[in-house]
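Heads up: the structure comes next, in structure tokens.
Convention: sequence-line order gives letters A, B, ...; per-chain numbering from 1.
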Number of protein chains: 2
Amino acid sequence: MRRALADPDIEKRSEGPVPETFDPALEKLVEDIIGKVADKWTMLVIETLEENGTLRFTQLGKTVSGISQKMLTQTLRRMEEDGLVRRTVHPVIPPHVDYALTPLGRSLGKAFCGVWIWAEKHHDEIRRARAMFKAKG
Amino acid sequence: MRRALADPDIEKRSEGPVPETFDPALEKLVEDIIGKVADKWTMLVIETLEENGTLRFTQLGKTVSGISQKMLTQTLRRMEEDGLVRRTVHPVIPPHVDYALTPLGRSLGKAFCGVWIWAEKHHDEIRRARAMFKAKG
DNA sequence: ACAGACACTCTCCTTTTGGTGTGTATAAAT
DNA sequence: ATTTATACACACCAAAAGGAGAGTGTCTGT
């Protein structure tokens with residue numbers, strides 16, 4: 001993926017993860033999506049909803065450790081816009097709104113799973129790498 | 001993963017991606033790692049190095065579309081610190097430095113692959129969701 | 001009459017992020 | 001003597017991210 005390089009001896013020996021069609025607009029969209037879904041809060045919200053099923057706003061706020069109200073609202077809105085969560089408003093008083101993952105959101109959760117597992121699996125290796133780096137530079 | 005919820009009827013029906021030990025410090029480390037590796041530039045650099053193998057600084061700059069020199073240096077340093085890339089300095093003049101993925105970096109690339117594939121696979125669905133959201137709100 | 005619950009919104013402020021442009025060391029080439 | 005190439009570092013500045021806290025509407029409970 002991604003063209004370029006003025007240098008001739010690079011190129012080929014590629015084998016990108018996905019068979020590409022090299023549409024620059026689509027590429028931009030995909031990068032945009034990646035930029036959004038790879039957001040820390042998005043990932044944590046997905047994880048929380050995966051584990052707990054449907055949750056209300058304040059419950060989410062308590063569960064996603066360290067998130068501010070503002071960020072929670074913002075994250076949820078964007079996720080709703082992208083079709084990752086379904087927002088259900090029950091018109092009662094006091095207000096009752098709950099959030100659940102859509103199938104799309106759940107599929108993203110699975111895709112992320114690989115990264116979580118990677119992090120859990122390799123954190124030791126990373127800590128050692130950091131120590132080495134600090135020690136020798 | 002992650003405790004809490006004052007609500008009793010939540011809890012259980014969990015089944016997190018990874019068998020946890022609930023060490024809060026480790027959890028923080030993992031979140032920190034996620035926060036760093038899920039960075040846009042990190043992902044793009046990994047992808048570029050995966051496709052092209054060893055590259056020099058300026059080649060990377062040209063290949064990773066839109067990255068500034070500053071961000072490239074910064075990203076590479078952090079990746080080096082975390083053991084994702086190996087930085088090799090050839091003491092010649094003019095300077096020659098090249099970068100390659102470590103096995104750890106390559107394994108992260110594979111983990112990310114799932115997210116890339118997800119994005120490529122579902123971008124249509126997302127576009128439709130966005131259109132719907134704009135239309136009805 | 002007043003407080004409380006809920007799901008926000010709005011404003012203010014600080015921190016972080018990231019771009020641009022300039023400087024540097026050194027030797028070879030012009 | 002000047003230019004070129006390389007891999008940055010550093011300083012300055014604009015924009016974006018994100019936290020804190022107050023406000024809002026409406027009904028219920030005291």
Quiz prompt | Nearest-Å distance for atom pair CH2/C1', residues A/W41 and D/dA16 | solution = 17 Å

Quiz item: At their closest point, which heavy atom of A/A100 faces which heavy atom of A/T54, and how far apart are they?
Solution: CB-OG1, 3.5 Å

Quiz item: Nearest-Å distance, NE2 (A/H90) to C1' (D/dC27)?
Solution: 18 Å

Practice problem: May I have the distance from B/K70 (atom NZ) to D/dC12 (atom P), rounded to whole angstrom? | Solution: 12 Å

Exercise. Give the intermediate values and the outcome of side chain to side chain contact (heavy atoms under 4.5 Å, CB included) for residues A/R77 and A/R87.
Key: CA-CA 9 Å; A/R77 281 294 135 77; A/R87 178 169 177 269; 3.2 Å; yes

Quiz item: Would you say B/Q59's side chain and B/R56's backbone share a donor-acceptor pair under 3.5 angstrom?
Solution: yes

Quiz item: If you check the A/M71 side chain, which of D/dG18, D/dA9, C/dT9 turns out closest?
Solution: D/dG18

Exercise. Provide, to the nearest angstrom, the distance between the CZ atom belonging to A/R78 and the C1' atom belonging to D/dA17.
Key: 11 Å

Quiz item: Quick one: A/L72 CG to D/dG19 C1', roughly how many Å, whole number?
Solution: 14 Å

Quiz item: In terms of side-chain heavy atoms of B/Q69, which of C/dA7, D/dC27, C/dT22 is nearest?
Solution: C/dT22

Exercise. Could you work out which one of C/dC6, D/dA7, C/dG19 sits closest to the side chain of B/R56?
Key: D/dA7

Practice problem: Tell me whether the OP1 or OP2 atom of C/dA7 has a side-chain N or O from A/T58 closer than 4.0 Å. | Solution: yes

Quiz item: Rounded to the nearest Å, what distance is computed from the CD atom of residue A/Q74 to the P atom of nucleotide C/dC10?
Solution: 13 Å

Practice problem: Check the distance between D/dG29's C1' and A/I93's CD1 and give it to me in whole angstrom. | Solution: 15 Å

Quiz item: What nucleotide, of D/dC27, C/dA7, D/dC8, holds the atom closest to the side chain of B/R87?
Solution: D/dC8

Quiz prompt | Listed nucleotide nearest any side-chain atom of A/S68, set D/dT6, D/dG19, C/dC8 | solution = D/dG19

Self-check item: Rounded interatomic separation in angstrom, taking CG from A/L60 and P from C/dA7
Solution: 10 Å

Self-check item: Closest to the A/P94 side chain, choosing from C/dC8, D/dA7, C/dA5
Solution: C/dA5

Self-check item: Validation row: A/I34, B/K40 side chains within 4.5 angstrom (heavy atoms)
Solution: no

Quiz item: Which atom pair, heavy atoms only, marks the closest approach of A/S65 to A/W41?
Solution: O-CZ3, 3.9 Å

